[in-house]
Chemist: 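First the structure, which I've put down as C-alpha cells, then a few questions once you've had a look.
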Amino acid sequence: EYITYTSTSDGFSVSHKSSRSVYQDARSYGQRYTFFKAAANIAIHTGDSWSWQHPGRTFSTDFLVDGKPTFVYKITSQTLVDIENNGKKYTIQCIHNGVQSAKDECDALISSFKFI
C-alpha cells in the first residue's frame, strides 16, 4: 500500500510504501526527509544549496521529474536525482544497495514526486 507524504514548507509531495517510516531533520543546506526501511533508505534533500557536491552537475531533459530537467547520478549502491524548482534545490537519494526491488521502489517514488 502506498501513502502520500506532503511538505508544504518545501513544496513537494511524494508517494511511498506505507511500510516506511518518515523522519525530517534540519541539515546545513536545508531539510532532509528520510523514508526509512532497514534494507534501503530513500531521502529527499531540500534547500537553497545542494546537499552533495558534483563537479559535472549538468541538467538534461532526457529524464524529467514533474516536467523539470534533472541531473541523474548512479553508482552500484545508490541513485541520486537532482531537480531545481523556483530557486530551491532538491535531491532524491535512493540507497538501494543494488537490490532490484529497492530500485523499483525508488523508481516508483521518483515517478510520484510532484511540486506543490
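The analysis underlying the following values was restricted to heavy atoms, covering all of them including side chains, and did not include hydrogens, waters or symmetry mates. Bear in mind the structure is a predicted one, so any value in this text is a computation, not a measurement.
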Chemist: Using atom types as modelled, flag every donor-acceptor pair under 3.5 Å from a side chain in residues 66-76 to any protein atom, sequence neighbours excluded.
Modeler:
| from | atom 1 | to | atom 2 | distance (Å) |
| --- | --- | --- | --- | --- |
| Asp66 | OD2 | Phe115 | N | 2.8 |
| Lys68 | NZ | Asn85 | OD1 | 3.1 |
| Thr70 | OG1 | Phe63 | O | 2.6 |

Chemist: Is there a side-chain contact between Ser60 and Thr58 in this structure, where contact means two heavy atoms from C-beta onward sitting under 4.5 Å apart?
Modeler: no

Chemist: Tell me if the centroids of the rings in Tyr23 and Phe35 come within less than 6.0 Å of each other.
Modeler: no

Chemist: Please confirm whether the backbone N or O of Asp10 pairs with a side-chain atom of Tyr90, one donor and one acceptor, at under 3.5 Å?
Modeler: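 Confirmed, Tyr90 side chain pairs with Asp10 backbone.
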
Chemist: Between Tyr29 and His45, is a side-chain hydrogen bond (donor to acceptor under 3.5 Å, both in side chains) present by the stated rule, with each step listed?
Modeler: CA-CA 8 Å; Tyr29 53 81; His45 307 268; 2.5 Å; yes

Chemist: Return the NZ to CG distance between Lys103 and Asp107, rounded to the nearest 0.5 Å.
Modeler: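 So the NZ of Lys103 and the CG of Asp107 are separated by 9.0 Å.
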
Chemist: Looking at every non-hydrogen atom in both residues, tell me the closest pair between Ala43 and Arg32 and how far apart they are.
Modeler: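 So the two residues come closest at CB-CG, 4.2 Å.
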
Chemist: Check the pair Glu1 / Lys17 against side-chain contact (heavy atoms from CB on, under 4.5 Å), numbers first and verdict last.
Modeler: CA-CA 6 Å; Glu1 180 181 339; Lys17 283 195 172 181; over 6 Å; no

Chemist: Please name the pair of heavy atoms, one in Trp50 and one in Ile83, separated by the smallest distance, quoted to 0.1 Å.
Modeler: CH2-O, 3.6 Å

Chemist: Establish, from distance only, whether the side-chain atoms of Thr91 and Asp82 form a donor-acceptor pair under 3.5 Å.
Modeler: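 Side chains of Thr91 and Asp82: pair found under 3.5 Å.
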
Chemist: Can you check whether His16 reaches Ile3 side chain to side chain, under 4.5 Å on heavy atoms?
Modeler: yes

Chemist: Atom SG in Cys106, atom CD in Gln100: separation rounded to 0.5 Å?
Modeler: 10.5 Å

Chemist: Output the distance between atom CD1 (Ile42) and atom CD1 (Ile92), rounded to the nearest 0.5 Å.
Modeler: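 That separation rounds to 9.0 Å.
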
Chemist: For Phe36 and Val22: C-alpha separation, side-chain torsions, deciding distance, then whether side-chain contact (heavy atoms from CB on, under 4.5 Å) applies.
Modeler: CA-CA 6 Å; Phe36 177 81; Val22 182; over 6 Å; no

Chemist: So, taking the atom named CZ in Arg20 and the one named NZ in Lys37, what distance separates them when rounded to the nearest 0.5 Å?
Modeler: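 Arg20 CZ to Lys37 NZ: 5.5 Å, rounded to 0.5 Å.
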
Chemist: Distance alone, cut at 3.5 Å: any donor-acceptor contact between the side chains of Ser13 and Tyr5?
Modeler: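 No, Tyr5 and Ser13 have no side-chain donor paired with an acceptor closer than 3.5 Å.
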
Chemist: Kindly give the heavy-atom pair with the smallest separation between Ile116 and Ser7, and that separation in Å.
Modeler: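 Nearest pair, atom of Ile116 first, then Ser7: CD1-O, 3.7 Å.
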
Chemist: Any idea which heavy atoms bring Thr4 and Ser15 closest together, and the distance?
Modeler: OG1-OG, 3.4 Å

Chemist: Provide the full list of salt bridge (Lys or Arg N to Asp or Glu O under 4.0 Å) pairs with a residue in residues 42-51, sequence neighbours left out, each pair given once.
Modeler: none

Chemist: Flag yes if Phe12 and Val81 sit in one hydrophobic cluster, no otherwise; membership is Ile, Leu, Val, Met, Phe, Trp, Tyr, and two members link when side-chain heavy atoms are under 4.5 Å apart.
Modeler: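 They do share one cluster, since a chain of ILVMFWY contacts under 4.5 Å joins Phe12 to Val81.
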
Chemist: Using a distance-only test with no angle check, is there a side-chain donor-acceptor pair under 3.5 angstrom linking Ser77 and His96?
Modeler: no

Chemist: Could you walk me through whether Val14 and Ile44 satisfy the side-chain contact (heavy atoms from CB on, under 4.5 Å) test, starting with their C-alpha distance in whole Å, then the side-chain angles of each, then the deciding distance to 0.1 Å, before giving a yes or no?
Modeler: CA-CA 10 Å; Val14 68; Ile44 298 175; 4.0 Å; yes

Chemist: For Tyr33 and Ser9, work out which heavy atoms get closest and say how close.
Modeler: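 Taking Tyr33 first and Ser9 second, the nearest heavy atoms are OH-OG, 3.9 Å.
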
Chemist: Can any side-chain N or O of Asn97 pair as donor or acceptor with the backbone N or O of Gln78 at less than 3.5 Å?
Modeler: no

